[in-house]
Amino acid sequence: MIEVYLILIAIAVVLSMYRFFRGPTTADRIVAVDIMTTLTTGLMVLFALYYRRAIFLDVALVYAVLAFLGVIAFARYMEGGL
């Protein structure tokens, strides 16, 4: 069943990349990047379950925190507050 989840998340990443490249505004592109980072974090968690390796969970946690901070920085830049 994990393989099905991996395929579905991979499809969602491809759709998010479409929104990133075709997004009419910069805000659309930032939201697409946020969605891709969230999906990538989910992929890392699924890889941790599939391979039974806890190190992927640590990497996913660090990646999620850094992605969150990056999206906040982009949003502040867009707002003109940086």
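Heavy-atom minimum distance, Ala32 versus Ser16: CB-O, 3.6 Å.
Between atom CG of residue Leu8 and atom CG of residue Leu43 there is a gap of 10.5 Å, rounded to the nearest 0.5 Å. If you take CD1 on Ile2 and OH on Tyr51, they are separated by 11.0 Å, rounding to the nearest 0.5 Å. Here CZ of Phe56 is found 15.0 Å from CG of Leu61. Values are rounded to the nearest 0.5 Å. Rounded to the nearest 0.5 angstrom, Met17 CE and Ile35 CD1 are separated by 13.0 Å.
Residues Leu6 and Val13 share a single hydrophobic cluster, defined by chaining ILVMFWY side chains whose heavy atoms lie under 4.5 Å apart. Both Leu46 and Leu39 are part of a single hydrophobic cluster, where members link through side-chain heavy atoms under 4.5 Å apart. Note: the hydrophobic cluster containing Met1 does not contain Ile7 (ILVMFWY, side chain heavy atoms under 4.5 Å, direct or indirect links). No path of Ile, Leu, Val, Met, Phe, Trp and Tyr side chains, each step under 4.5 Å between heavy atoms, connects Ile9 with Tyr18, placing them in separate hydrophobic clusters. Cluster membership check: Met78 does not share its hydrophobic cluster with Met36, using side-chain heavy-atom separations under 4.5 Å among Ile, Leu, Val, Met, Phe, Trp and Tyr.
For the side chain to side chain contact (heavy atoms under 4.5 Å, CB included) test with Phe68, the passing option among Leu66, Val71, Ile72 is Ile72; the others fail.
The shortest side-chain heavy-atom distance between Arg53 and Phe47 does not fall under the 4.5 Å cut-off.
Counting non-hydrogen atoms of neighbouring residues, nucleotides and ligands closer than 6.0 angstrom, the OH atom of Tyr5 reaches no more than 12 such neighbours.
Each side-chain hydrogen bond (donor to acceptor under 3.5 Å, both in side chains) pair with one or both residues in residues 26-47, not counting sequence neighbours, appears once here: Thr25-Asp28.
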